[in-house]
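Below: one structure, written as structure tokens.
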Protein chains: 2
Amino acid sequence: MATISDVAALAGVSTATVSRVLNGKSTVDTELVSRVREAARALDYRPNTVARNLRRRDSSVLSLVISDVENPFFTAVARGVEDTARAAGYSVLLGNSDEDPDKERAYLELAGQAQTAGVVLSPTGPGTALPEGTPPVVAVDRPLPGGRHDAVLVDTRSAARLATQHLLDQGYQRVACLTGPPGVHTAEDRLAGYREALAGRPELVRRSEFKAAGARQASELLFGERDRPDAVLVANSAMAIGLLGTLAQQGLRIGKDIGVVSFDDVPWASLVHPALTVVRQPAHEIGRRAAGLLLDRIGSVRGEAHTVVLAAELVVRGSSTREV
Amino acid sequence: MATISDVAALAGVSTATVSRVLNGKSTVDTELVSRVREAARALDYRPNTVARNLRRRDSSVLSLVISDVENPFFTAVARGVEDTARAAGYSVLLGNSDEDPDKERAYLELAGQAQTAGVVLSPTGPGTALPEGTPPVVAVDRPLPGGRHDAVLVDTRSAARLATQHLLDQGYQRVACLTGPPGVHTAEDRLAGYREALAGRPELVRRSEFKAAGARQASELLFGERDRPDAVLVANSAMAIGLLGTLAQQGLRIGKDIGVVSFDDVPWASLVHPALTVVRQPAHEIGRRAAGLLLDRIGSVRGEAHTVVLAAELVVRGSSTREV
DNA sequence: GCCGCCCCAGAAATCGATTACCATCGGTTG
DNA sequence: CAACCGATGGTAATCGATTTCTGGGGCGGC
């Protein structure tokens with residue numbers, strides 16, 4: 001790879017001039033400008049971003065650290081982040097923390113040490129701490145403890161309340177909630193909304209990881225018991241897969257014997273029969289807003305932390321409507 | 001952030017000694033070792049990886065450039081890459097080319113300029129060229145033109161042939177193939193396998209992007225025509241969503257009126273009714289093998305290009321079996 | 001005609017690490 | 001006893017860019 005010195009030598013100027021021409025920072029004689037451009041083209045010169053970042057002490061790369069790349073919600077968020085970042089001339093480097101605080105920490109360290117300009121982060125849990133030297137952070141989906149950082153969240157509690165209320169309105173009597181691990185903010189929030197809607201009725205709560213396998217196990221236990229629910233609110237799409245597997249195995253007719261509402265409007269939600277009622281979260285917009293906040297923050301470090309809360313939408317389909 | 005000079009000053013030694021202690025490259029007096037370690041701890045020192053990479057002219061980061069983060073196949077590949085990379089002490093930076101050659105090129109440039117140690121790439125198409133300065137590359141899913149690079153592929157052609165044969169064996173007469181855009185290797189390969197199985201029977205081929213919307217349109221046209229197929233081989237899971245949507249709309253009973261086999265064993269394949277027959281590709285293993293090859297290549301640049309071809313498996317479920 | 005100012009471009013410092021090279025010291029060998 | 005050797009640690013070069021500093025030349029004002 002050609003370096004800036006090679007270009008300077010070929011053009012017969014100093015490296016300072018080459019840099020000035022290529023960055024357009026200062027006026028340079030047009031004759032020299034064309035000599036430099038010519039030389040750069042001839043050598044197929046590309047600036048070494050490592051050297052540039054070292055000197056400039058920043059870079060035009062955003063880190064995106066998400067808790068599960070295999071979750072369609074987060075990949076949609078990732079798309080949103082990428083779209084606005086690219087529009088602003090930034091690239092996005094994606095790390096998958098896999099809900100593991102150690103991996104998360106490793107990626108955050110990398111984000112700081114590699115001098116990325118900022119981080120969009122979906123924190124694994126309440127224990128998430130930012131290593132020293134971490135650039136500006138915007139939390140998505142879940143807030144960071146301390147509340148000193150920008151965040152883009154969804155009013156998932158209201159959504160859970162409305163979804164539960166909807167099941168009750170449809171005549172389901174005994175609504176269960178299958179939510180995520182204790183301490184995970186979204187899991188607790190959805191549970192809280194569920195409880196609000198129950199308004200004193202007896203609750204029926206099970207927890208598992210935000211994965212299909214865990215939800216499968218949890219729901220098998222739930223439906224193996226005497227006092228079965230006749231409806232379930234399930235906290236994400238992967239868990240819905242586990243739940244629906246169990247229901248099929250048990251021979252329960254969804255929408256009749258059992259009502260189901262899931263979080264996240266995945267593409268296949270309309271393909272199962274009956275189609276799945278879901279809480280649709282504006283995943284793409286979450287990503288776009290988060291990237292927007294982050295770019296603002298990078299532009300000027302000052303200012304209060306902003307928290308944006310977006311609304312979720314209940315999309316009613318067959319899985320929750322009693323076919324009378 | 002503390003720098004190596006701060007540590008050196010606090011420990012009363014030179015930066016060279018600090019570096020030697022922290023990298024264990026050379027023997028250093030135990031007294032100095034402990035002073036340095038103490039100082040590093042006291043200052044919460046973390047080496048600046050940008051500076052380190054500049055000097056060492058490499059890094060322990062792998063780039064992963066995939067063509068669609070929202071495609072479960074590629075996210076599973078990504079998990080595989082990440083798993084082996086992390087085990088070897090590497091981090092993974094993920095870029096989403098979104099099947100767009102320009103974005104792909106931008107990420108490849110970044111991979112080279114940021115001095116990542118290597119790239120795992122699913123090329124967007126036959127036009128993919130590697131910019132000068134690109135580190136070692138392993139292609140996944142689709143080969144790179146020229147054949148001078150390592151690759152991990154799937155024998156998707158045989159799989160397509162077997163899948164088509166399976167549909168014919170089940171008594172379907174008029175099997176269509178809904179595949180990806182012209183020139184995309186996997187699209188062509190699957191089409192070729194389909195044609196092999198047809199063995200001269202009249203073919204019925206439609207193409208669209210590897211996305212649900214395109215497949216939906218294409219299949220609406222396909223089923224709007226006079227001479228409809230009675231079975232379809234569809235080239236990926238996103239396209240299957242579009243196809244299944246059309247079939248439901250048309251009131252066709254899957255597995256009876258119409259047989260369906262899709263590529264990619266997504267989690268929801270068993271949840272639709274009837275369950276979807278699929279070609280299961282070993283996505284996670286593809287990622288692991290690709291990262292393995294890449295790490296080998298990074299270790300020693302010499303050697304022939306290796307191409308690993310993995311087998312895919314036909315998983316027969318209800319969507320392709322005539323319920324007699 | 002002289003002084004000061006501005007503009008431009010080169011020289012050199014800088015970012016923060018690694019590492020080639022050299023100096024010192026204690027001990028061993030011929 | 002001189003020459004040598006290995007271990008150790010400091011000095012300074014280096015990676016490849018950006019940016020500050022500096023100096024020379026041209027031009028306007030007095």
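Throughout, protein chains are lettered first and strands after them, A, B, ... in sequence-line order, and every chain is numbered starting at 1.
- Considering only side-chain atoms of A/Arg20, the nucleotide from C/dA13, C/dG16, C/dG10 that sits closest is C/dG10.
- To the nearest angstrom, P of D/dC15 lies 16 Å from CG of B/Asn53.
- Shown here for B/Gly80 and B/Arg288, the closest heavy-atom pair between the two residues is O-CG, 3.5 Å.
- Of the candidates B/Val77, B/Val138, B/Asp141, B/Val152 forms a side chain to side chain contact (heavy atoms under 4.5 Å, CB included) with just one, namely B/Val138.
- Along DNA chain D, the nucleotide nearest to B/Ala16 and the one nearest to B/Ser26 differ in position, and the one closer to the 5' end is contacted by B/Ser26.
- With rounding to whole Å, A/Asp58 atom CG is found 10 Å from D/dT19 atom P.
- The side chain of B/Ser14 sits closest to D/dT11 out of C/dA12, D/dT11, D/dT8.
- What separates CD of B/Gln115 from C1' of D/dC15 is a distance of 8 Å, to the nearest Å.
- Within the 4.5 Å cutoff, side-chain heavy atoms of B/Asn23 are placed close to those of B/Arg52.
- Listed candidates were D/dG10, D/dA17, C/dT18. Nearest to the side chain of B/Val13 is D/dG10.
- Distance, A/Asp6 CG to D/dA17 C1': 13 Å, rounded to whole Å.
- A/Thr17 comes within 4.0 angstrom of the backbone, heavy atoms only, and of no base.
- The pair B/Glu82-B/Arg86 fails the salt-bridge criterion, with no side-chain N (NZ, NE, NH1 or NH2) lying under 4.0 Å from an Asp/Glu carboxylate O.
- Atom pair A/Leu54:CG and D/dT14:P shows a separation of 17 Å (rounding to whole Å applied).
- For the side chain to side chain contact (heavy atoms under 4.5 Å, CB included) test with B/Ser97, the passing option among B/Thr124, B/Leu108, B/Leu121, B/Asp68 is B/Thr124; the others fail.
- Residues B/Asn48 and B/Met1 have side chains not in contact (no heavy-atom distance under 4.5 Å, counting atoms from C-beta outward).
- Comparing A/Ala51 and A/Val28 by the nucleotide of DNA chain C that holds the closest heavy atom to each, the one mapping nearer the 5' end is A/Val28.
- Closest to the B/Thr3 side chain, of the nucleotides C/dG16, D/dA17, C/dT18, is C/dG16.
- Contact annotation: B/Arg52 reaches the phosphate of C/dT18 (side-chain N/O to OP1 or OP2, under 4.0 Å).
- Contact check of residues 31-48 of chain A against DNA chain D (heavy atom, cut-off under 4.0 Å) returns A/Tyr45, A/Arg46, A/Pro47, A/Asn48.
- Here the side chain of A/Asp100 pairs a donor or acceptor atom with the backbone of A/Asp102 at under 3.5 angstrom.
- Ion pairing of B/Glu304 with B/Arg297 is absent here, as no side-chain N (NZ or NE/NH1/NH2) approaches a carboxylate O to less than 4.0 Å.
- Rounded to whole Å, atom P of C/dG10 lies 10 Å from atom CG of A/Asp29.
- The residue B/Asn23 sits close only to the backbone: its heavy atoms come under 4.0 Å of sugar-phosphate atoms, none of a base.
- The distance between atom CD1 of B/Ile4 and atom C1' of D/dC15, rounded to the nearest whole Å, is 15 Å.
- An end-to-end axis angle of 60° holds for the helix from C/dG1-D/dC30 to C/dG30-D/dC1, taken from five base pairs per end and rounded to 10°.
- Going from atom CZ of B/Arg55 over to atom P of C/dT19 covers 6 Å, rounded to whole Å.
- Side chain of B/Lys25, nearest nucleotide from C/dA17, D/dT8, C/dT19: C/dT19.
- Of the residues B/Gln113, B/Glu109, B/Glu132, the one that meets the side-chain hydrogen bond (donor to acceptor under 3.5 Å, both in side chains) test with A/Arg46 is B/Glu109.
- Between the side chain of A/Asp150 and the main chain of A/His306, a donor-acceptor pair closer than 3.5 Å is present.
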